[in-house]
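Down below is the structure, laid out as structure tokens.
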Amino acid sequence: MSRSFIALLLVPAGLFAQDLKPVALPAPQTSGGKPLMQALKERKSTREFSPEKLSPQVLSNLLWAGWGINRENGLRTAPSSSNKQEIEIYAVTADGAYVYDAKGNALKPVVSGDLRKVTGTVAFVGEAPLNLVYRSEERRVGKECRSRWSPYH
């Protein structure tokens with residue numbers, strides 16, 4: 001694992017991101033779209049990606065769907081064990097890495113520089129305009145929520 005990727009995972013947000021500014025995202029579009037069953041029927045994998053950046057709206061929608069807040073009480077679009085909310089999503093672009101702030105609907109700078117190639121094990125991740133890295137905070141989960149197969153027992 002590269003030093004840059006370790007920095008991405010371990011450093012507090014903003015420590016190595018002096019050149020990056022926070023990115024405010026537009027409100028996610030939460031209505032309309034394709035019916036679920038149609039989307040599942042049409043789902044497929046591809047290895048062809050556009051080099052174009054995602055629009056702020058598409059990025060906002062994607063991050064909200066993955067880990068946004070969808071209720072007044074702060075609960076998320078994706079479940080977490082015992083509501084531990086142990087997940088963080090990092091958006092890695094050619095400019096740097098940002099952590100998604102669901103409450104503020106914004107991206108907070110973490111590390112500047114192009115870290116895309118270290119976010120996966122296949123070559124095309126280095127070219128993709130956006131890579132999402134999901135990080136789980138083990139200390140938030142607690143021993144009672146871990147699988148019996150976990151190496152952390």
Side-chain angles (χ1 to χ4, degrees), residues 1-30 32-34 36 38-70 74-81 84-141 145-147 149-152:
M1 195 177 301
S2 79
R3 224 183 259 228
S4 298
F5 191 62
I6 292 170
L8 167 67
L9 295 177
L10 300 178
V11 298
L15 186 61
F16 296 112
Q18 293 86 0
D19 299 338
L20 297 176
K21 302 289 182 227
V23 177
L25 297 169
Q29 296 170 323
T30 59
K34 189 176 287 196
L36 174 63
Q38 182 181 352
L40 292 172
K41 181 180 176 187
E42 295 174 7
R43 195 222 61 82
K44 63 181 179 179
S45 294
T46 183
R47 296 293 184 250
E48 297 176 27
F49 300 96
S50 168
E52 300 298 317
K53 286 179 138 180
L54 276 65
S55 72
Q57 186 66 65
V58 168
L59 184 56
S60 177
N61 295 351
L62 184 62
L63 291 167
W64 178 84
W67 192 238
I69 295 173
N70 67 347
L75 294 177
R76 306 294 183 124
T77 56
S80 65
S81 179
K84 298 285 186 173
Q85 298 191 11
E86 73 281 4
I87 303 296
E88 291 181 325
I89 298 179
Y90 290 81
V92 183
T93 69
D95 299 327
Y98 302 82
V99 65
Y100 175 54
D101 171 16
K103 289 179 185 165
N105 193 40
L107 294 174
K108 292 184 174 180
V110 177
V111 179
S112 61
D114 191 352
L115 303 175
R116 294 175 298 167
K117 65 183 175 189
V118 297
T119 62
T121 59
V122 291
F124 62 79
V125 299
E127 306 285 322
L130 172 71
N131 292 320
L132 296 179
V133 176
Y134 285 72
R135 177 177 180 244
S136 175
E137 272 289 333
E138 282 289 328
R139 69 175 184 255
R140 288 188 201 164
V141 175
C145 293
R146 294 187 188 127
S147 161
W149 303 108
S150 171
Y152 301 104

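Just so you know, these numbers use all the heavy atoms, side chains as well, and skip hydrogens, waters and symmetry mates.
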Say whether, by atom type as modelled, one donor and one acceptor occur between the side chain of Asn61 and the main chain of Gln29 under 3.5 angstrom.
-> yes
Within the distance-only criterion (no hydrogens, no angle test), does the side chain of Ser112 pair as donor or acceptor with the backbone N or O of Gly96 below 3.5 angstrom?
-> no
For the student: nearest non-hydrogen atoms of Tyr98 and Lys21, plus distance | CE2-O, 3.7 Å
Between CD of Glu52 and CG of Leu130, what distance do you get to the nearest 0.5 Å?
-> 14.0 Å
Determine, step by step, whether Asp95 and Lys53 satisfy the side-chain contact (heavy atoms from CB on, under 4.5 Å) criterion, reporting the C-alpha distance in whole Å, the side-chain angles of both residues, the deciding distance to 0.1 Å, and the verdict.
-> CA-CA 11 Å; Asp95 299 327; Lys53 286 179 138 180; 3.8 Å; yes
How close do Pro129 and Pro51 get, heavy atom to heavy atom, and via which atoms?
-> CB-O, 4.0 Å
Okay, side chain of Gln57, backbone of Leu25: is any donor-acceptor separation there less than 3.5 Å?
-> no
When every non-hydrogen atom of Ala97 is compared with those of Val92, the smallest separation belongs to CB-CG2, 4.2 Å
With a cut-off of 6.0 Å (strictly less than), are more than 12 heavy atoms of other residues, nucleotides or ligands near CD of Glu127?
-> no
Could you tell me whether the side chain of Trp67 and the main chain of Thr77 form a donor-acceptor pair under 3.5 Å?
-> no
Of all the heavy-atom pairs spanning Gly68 and Ala102, show the shortest one and how long it is.
-> CA-CB, 4.2 Å
Going from OG1 on Thr93 to CG on Leu107, what distance comes out if it is rounded to the nearest 0.5 angstrom?
-> 8.5 Å
Start with the C-alpha gap between Arg76 and Ile69, add the side-chain angles, then the distance that decides, and say whether side-chain contact (heavy atoms from CB on, under 4.5 Å) holds.
-> CA-CA 4 Å; Arg76 306 294 183 124; Ile69 295 173; 3.9 Å; yes
In this structure, CD1 of Ile89 is separated from CZ of Arg135 (nearest 0.5 Å) by 13.0 Å
Approximate separation, where rounding is to 0.5 Å, of Leu59 CG and Leu132 CG | 7.5 Å
Hey, what do you get for CG (Asn105) to OH (Tyr100), rounding to the nearest 0.5 Å?
-> 4.5 Å
Distance-only, no hydrogens or angles: does the Arg116 side chain make a donor-acceptor pair with backbone N or O of Ala128 under 3.5 Å?
-> yes
Here the gap from Leu54 atom CG to Ser60 atom OG, rounded to the nearest 0.5 Å, amounts to 11.5 Å
Check for a donor-acceptor pair, side chain of Asp101 on one end and backbone N or O of Lys108 on the other, with a separation under 3.5 Å.
-> no
